[in-house]
Amino acid sequence: MEQLEGRERRARWTIPILGALLIVGFVLSFGLGRYAVPPAEVVRILLHRVFPGGIEVTWEPNMEAAVVNVRMPRLLMACLVGCALSAAGAAYQGVFQNPMASPDVLGASNGACFGAALAIYFNATNQVTVLSAFAVSLLTVTLVYAIGERAPGKKIVNLVLAGIMISSIFSAGTSFIKLVADPTNQLPEITYWLMGSLSGVQWANLRFAVVPIVVSLVPLILLRWRMNVLTLGDDEARTMGVSARKLRLVVVVCASLATAACISVTGMIGWVGLVIPHLCRKLVGCDFRRLLPCSMLAGALFLLCVDDISRNLLSTEIPIGILTAFVGAPFFIYLIMEKER
Amino acid sequence: MSIEVEKLCFSYGRREVLRDVSFTARPGELTLVLGPNGVGKSTLFRCILGLLQDWKGSIRVEGADVRTLRVRELARRVAYIPQSHYPTFNYSAFDMVLMGTTRRTSPFVSPGKKEREAAMEAMEAAGAAYLRDRSYHRLSGGEQQLVLIARALAQDTRVLLMDEPAANLDYGNQLRLMEQVRALAERGYLILLNSHNPQHALDYAHRVLAIRDGRTRAFGKPGEVLTPELIRELYGVEVDFLRLEGRCLLSPVRGGAR
């Protein structure tokens, strides 16, 4: 009993603490980078943006440019992507009743990769590449869902199997494009895209991603109690008045939309959607009423920190997708090795 | 305020499971469904619960055709108590019970104060209040069953369907469970319970529905319906009915199992 009370207390404080850490981390991250800006200046520049005239300008114009035009969209994007991928991961794990599920199960990532590679092969602009990745990603999920729902037998197993098959088709397609792509400029671009990176994120990218992400996260937050019921299985959920098929469709559409929006802008960033919900389940339990907000905050904080490392560890930037795997995989091993409570 | 099943037929593909099942279960009565493995007892439940669609015949719950009821309308009338099980994700016993209140709230809303009170009342009514803060994964089979009963009570229906609730319980918990189910029936619930134990039918049930080859083989009071012939027909075993002091005990005949 004592243990449970301790756990309960910890769960109650986890979300406010994560929120506070995120705010502090966000402000501190502005200062990090090749061009150092002291935290006090960061706060002053930000306040100046909100209340122009209220703050005396003591900084160089370069500082403001670095903070507002370069770092601001990038940090916001890191938080947004971390938040969305973790929420999507938690949601996928819930509707598939499987803690190993991640935003990639239904092929969203491999679809996006293929879409991006195809666009790069045809020398498309950055914007078209993003759109192509987004579209093919959603197409993949639709295809997988259509197959999984039609096949006879257990729906969830079918969906996962269809996801694996369709994913492998698209990843074969990506390999083929890499083979035929021009090795001097296209191939490096594709390879770099596949590694995932937040470098070069601009306000335009953020504006593109923010709408589908917010539109898909709001229903997930609202449906978080029903997702609890769905994790008990389709039949039990139905006898309690929750239509499992409809709810799963809504959740999958939302989670996939969020994932596609993230990956199409940043490239492949794996592990976040798998590791963060796991970590949060240890912190606040399986109840989606807590798990979902906790995952969103922790995911944002995690990607913000990993992005800081990717910008500052070496003189050249490390693609964030590589780092999330380096950090995420060992951390995940630790989580599964650690005994429950 | 009853369940009326008429000429229910259902096939899994080519395999006919239910051929002709008819009966009427009434509120205030515990109806035990008996029959050998694979005879379609669970299928019958799944039809009533709206989990299977392509059946023929008619199922009416509280006067309404099950086919015409939406998921939430059916959940307002019938609650289901599964066997104790091990869900993928772990919740507190209280949250588990709280899930029973889901059908009362609109889809985008989490349960509020009213629902939490209803869940607590249900836990008390089921004698599960002491499990409130325990984690569901760590409960014993008997305790899990209590929580699942509380969850069904929190759903606030007059009809309860229980699928072999005693299957994973030890002897004492089986008897405690059956006592509790009987008491619930006497408080006015209509209870349909799948069982593998004819003795439970004699000791606790108001009615017995015996299914054989997908048909209603017998339906009525346990004392009238249950006979050595019926047991032999259903299960292929010989038992003696020992009567003493108004009670009836089933005793297997040694060497009588064919």
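Labels below follow one simple rule: chain letters A, B, ... track the order of the sequence lines, proteins then strands, and each chain is numbered from 1.
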S.K.: So which bits of residues 241-250 of chain A come within less than 4.5 Å of chain B, counting non-hydrogen atoms only?
M.R.: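 Those residues of residues 241-250 of chain A which have a heavy atom under 4.5 Å from chain B are Gly241(A), Val242(A), Ser243(A).
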S.K.: Quick one: what part of Thr101(B) sits under 4.5 Å from any heavy atom of chain A, side chain, backbone, both or neither?
M.R.: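 Answer is neither: Thr101(B) stays 4.5 Å or more from chain A.
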S.K.: Do Arg103(B) and Val229(A) have side-chain heavy atoms sitting under 4.5 Å apart?
M.R.: no
S.K.: Can you tell me how far the CG atom of Asp287(A) sits from the CE atom of Met99(B), to the nearest 0.5 Å?
M.R.: 7.0 Å
S.K.: Would you check if Thr231(A) and Pro87(B) make a side-chain contact, meaning some heavy-atom pair closer than 4.5 Å?
M.R.: no
S.K.: Can you tell which of Gly50(B), Pro107(B), Ala75(B) has the highest number of heavy-atom pairs within less than 4.5 Å of chain A?
M.R.: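 Most heavy-atom pairs within the cutoff with chain A belong to Pro107(B).
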S.K.: Determine which residues belonging to residues 65-74 of chain B lie within contact range of chain A, meaning some heavy atom pair is under 4.5 Å apart, and list them by number or answer 'none'.
M.R.: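 From residues 65-74 of chain B, the residues near chain A are Val71(B), Arg72(B).
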S.K.: Name the region of Phe89(B), side chain, backbone, both or neither, that has any atom closer than 4.5 Å to a heavy atom of chain A.
M.R.: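 Backbone plus side chain of Phe89(B), per the 4.5 Å heavy-atom cut-off to chain A.
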S.K.: Relative to chain B, which of Thr239(A), Ile221(A), Leu232(A) shows the most heavy atom pairs under 4.5 Å?
M.R.: Thr239(A)
S.K.: Using heavy-atom distances under 4.5 Å, tell me whether Arg151(B) contacts chain A through its side chain, its backbone, both, or neither.
M.R.: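 The side chain, not the backbone.
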S.K.: Test of understanding: with ring-ring contact (aromatic ring centres under 6.0 Å, His included), list the residues that count as partners of Phe108(B), not counting sequence neighbours.
M.R.: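 ring-ring contact (aromatic ring centres under 6.0 Å, His included) check on Phe108(B) returns nothing, list empty.
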S.K.: With a 4.5 angstrom heavy-atom cut-off, is it the side chain or the backbone of Leu161(B) that approaches chain A, or both, or neither?
M.R.: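 Interface part for Leu161(B): neither.
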S.K.: Name all residues meeting the salt bridge (charged side-chain N to carboxylate O under 4.0 Å, His left out) criterion together with Glu6(B); count only those two or more places apart in sequence or in a different chain, and write none if there are none.
M.R.: none
S.K.: Is Pro152(A) in contact with chain B via its backbone, its side chain, both, or neither, using a 4.5 Å heavy-atom distance?
M.R.: neither
S.K.: Quick one, Val109(B) and Trp225(A) - any side-chain contact, counting heavy atoms below 4.5 Å?
M.R.: no
S.K.: Identify the two heavy atoms, one from Arg289(A) and one from Pro111(B), that lie closest to each other, and give their separation to 0.1 Å.
M.R.: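 Distance-wise, the nearest heavy atoms are NH1-CG, 4.3 Å.
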S.K.: When rounded to the nearest 0.5 angstrom, what distance separates CG in Leu51(B) from CG in Asp235(A)?
M.R.: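 Taking CG in Leu51(B) and CG in Asp235(A), the distance rounds to 4.5 Å.
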S.K.: At a heavy-atom separation under 4.5 Å, does Glu236(A) approach chain B through its side chain, its backbone, both, or neither?
M.R.: side chain
S.K.: Identify the two heavy atoms, one from Gln53(B) and one from Arg238(A), that lie closest to each other, and give their separation to 0.1 Å.
M.R.: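 Heavy atoms of Gln53(B) and Arg238(A) come nearest at NE2-NH2, 3.7 Å.
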